Amino acid sequence: MKETGFVKEIASQEEAFSQWYIDVVKKADLADYTSVKGCMVIKPYGYGLWENMQHCLDRRIKATGHKNAYFPLFIPESLLKKEAEHVEGFAPEVAWVTHGGSEKLEERLAVRPTSEAIIGSLYSKWIKSWRDLPVLINQWANIVRWEKVTRPFLRTTEFLWQEGHTAHKNREEAEEETLKILNVYKDYIETDLAIPVIIGRKSDNEKFAGAMHTYTLEALMGDGKILQAGTSHNLGQNFAQAFDIRFLDENQQEQYVWTTSWGTSTRLVGAIIMVHGDERGLKLPPQVAPTQIVLVPIFFDKSKKEVMEKTREYKRLLEEKFRVELDDRDSYTPGWKFNEWEMKGVPVRLEIGPRDLAEKQVTAVRRDKGNKIAIPENELVPALEKWLNDIQNNLYIQARTRLEENIRFTENYEEFKEIIKEKLGFIKAYWCGDELCENQIKAETKATIRCISLEEQQGKGKCIFCGKESTTQVYFGRAY
RNA sequence: CGGGGUGUAGCGCAGUUUGGCUAGCGCACCUGCUUUGGGAGCAGGGGGUCGGAGGUUCAAAUCCUCUCACCCCGACCA
């Protein structure tokens, strides 16, 4: 697909995937670096994408009975310390506030690395009776984790996310919630972002610090590496005990609540880039693209007035149904604009020139397949509606096909190592459940257990590392 | 955090080895004219704390010390 003259401003995806990623982030105008290490600006085009993603997910979160709230950015050290495993897990990446103005604080404040602690302390105040349950709250917030290695969207010091925090009266209800959210996420990521995911449970090694267990969604990127796209934690009663969240049940028995937490972040923007992008730049799923259709007028001196009038008329018509941009900049040639909008991943481009006016049509080009057709003026809206649907589906199918082609089953460790070395992707294998095998595989191949399959187990096999018989199938991969 | 690399105009780079005249080039930007169906042409013009701080020197983009940011590889990472 790489052609001379085009896409010369970004690295080749095939030759230098990580450089390509950074180039696309900058050239598509999604984000920019700042003077603070690991902190990026999300520019209007990137933020527009994030807002659409937020909207899609927020709808789903609310449709399942949750309400939004906002909790403080600062967490007193004493609160964070209450759950031992939790604080230990986050300690290396917490940023601390030690001074207010010039006065030293009596107790230092953590800039939230996640909000279980602060929210737990408040739930303890709010929950007294079984009638107060369940509590179903979500918040959209910024998070700070002092990362050593940062990359735009994928791992930044400050990032944006949503985190749900719920409290329930028993184990079953909490587990049901954890799985419900897992499926809300799956539906959102697959339907709106057109990214197929593998869902499963994290091994104890990989689970959230302080959780009973963690469910995860794992996605395959264009370079064969795996990105964790979201997690949903069943916290059991660990945080309830640490933060003293108790209630009186129907039988007047005092009990600890069962809590869950779950999150997805701006990291998903990185996933969209790396799953759908190609040598020409971004490819955005129509559902979340800030601009779904761009209109590019093509005119000569004689035809300028006519063409512009018609283009504006189309814009007004299309704006009623779609997110539309009219590129009427005088200083760029149409060819330049074509390349720029392709870099930015706009799903459909409409070209309107004298020939189109004469034929009562517009020339339409799809970003995903690159094919160009003429759409008669009176069929424009339904035709574009269909196209955007097709593009959304096609992006998903392409990603799905690649995912399926890159899930390899093996019971042979030599083959396992070969796959990691040559092809990457997911490796499906049996695992005995022993942490020692897991760690040894990681040390030797850098592959980790991305998740333990939730699928019905069929038969038995031998642990990929030690050979012991097992019924547990897991997905391995090299993770971002 | 360890090893390596880079930092000079908005972007990409040359100049640094061997200190020396007004710090250059391409693209982008501004003005004018001609252009416009896949990155237009000509002419003129504007833009620099050479990442930052300190030092050596008659003189520093260039040499020395410290520091910051970014990239690659590794370690770490719910």
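Each chain gets a letter, A, B and so on, in the order its sequence line appears, and its residues count up from 1. Note: hydrogens, waters and symmetry copies are ignored here, and every other heavy atom, side chains too, is used. Predicted model, so just to flag it, every value in this text is computed and none were measured.
Separating the CD atom of Q228(A) from the P atom of C77(B) is a distance of 14 Å, rounded to the nearest angstrom. The nearest whole Å value for the distance from the CG atom in N339(A) to the C1' atom in G38(B) is 6 Å. One can place CG of D32(A) at 12 Å from P of C71(B), the figure rounded to the nearest angstrom. The distance between atom CZ of R450(A) and atom P of C77(B), rounded to the nearest whole Å, is 13 Å.
Remark: K344(A) is positioned above the aromatic ring of Y45(A), its terminal NZ or CZ atom under 6.0 angstrom from the ring centre and at most 45 degrees off the axis. Annotation: cation-pi pair K225(A)/Y480(A) present, NZ/CZ under 6.0 Å from the ring centroid and within 45° of its normal.
Proximity note for R151(A) (side chain, C-beta onward) versus C71(B), A69(B), C72(B): the nearest is C72(B). Side-chain proximity of E147(A) to C77(B), G74(B), C71(B): nearest is C77(B). Among the nucleotides C76(B), C70(B), G74(B), the one closest to the side chain of T150(A) is C70(B).
Among the heavy atoms of the strands, none lies under 4.0 Å from E340(A).
Near RNA chain B, meaning a heavy atom under 4.0 Å from it, residues 431-443 of chain A has no residue at all.
Between K337(A) and G37(B) there is no side-chain polar atom (N or O) within less than 4.0 angstrom of OP1 or OP2. Contact check, Y332(A) against A40(B): no side-chain N or O comes under 4.0 Å of OP1 or OP2. Taking side-chain N and O atoms only, S18(A) has no distance below 4.0 Å to OP1 or OP2 of C71(B).
Other residues, nucleotides and ligands contribute at most 12 non-hydrogen atoms within 6.0 Å of the CZ atom of R171(A). Residue E88(A) places its CD atom among 12 or fewer non-hydrogen atoms of other residues, nucleotides or ligands, all under 6.0 Å distant.
Shown here, U31(B) forms a base pair with A43(B); the pair counts as Watson-Crick or G-U wobble because both key distances fall under 3.5 Å.
With hydrogens and angles ignored, no donor-acceptor pair closer than 3.5 Å exists between the side chain of T333(A) and the base of G38(B). Between the base of G38(B) and the side chain of E342(A) there is a donor-acceptor pair shorter than 3.5 Å.
A salt bridge is defined here as a Lys NZ or Arg NE, NH1 or NH2 lying under 4.0 Å from an Asp or Glu carboxylate O, and R349(A) with E342(A) meets this definition.
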Subject >> Step-by-step ring pair (Phe, Tyr, Trp, His ring centres under 6.0 Å) determination, F426(A) to F476(A) >> reply: CA-CA 6 Å; F426(A) 283 103; F476(A) 284 92; over 10 Å; no
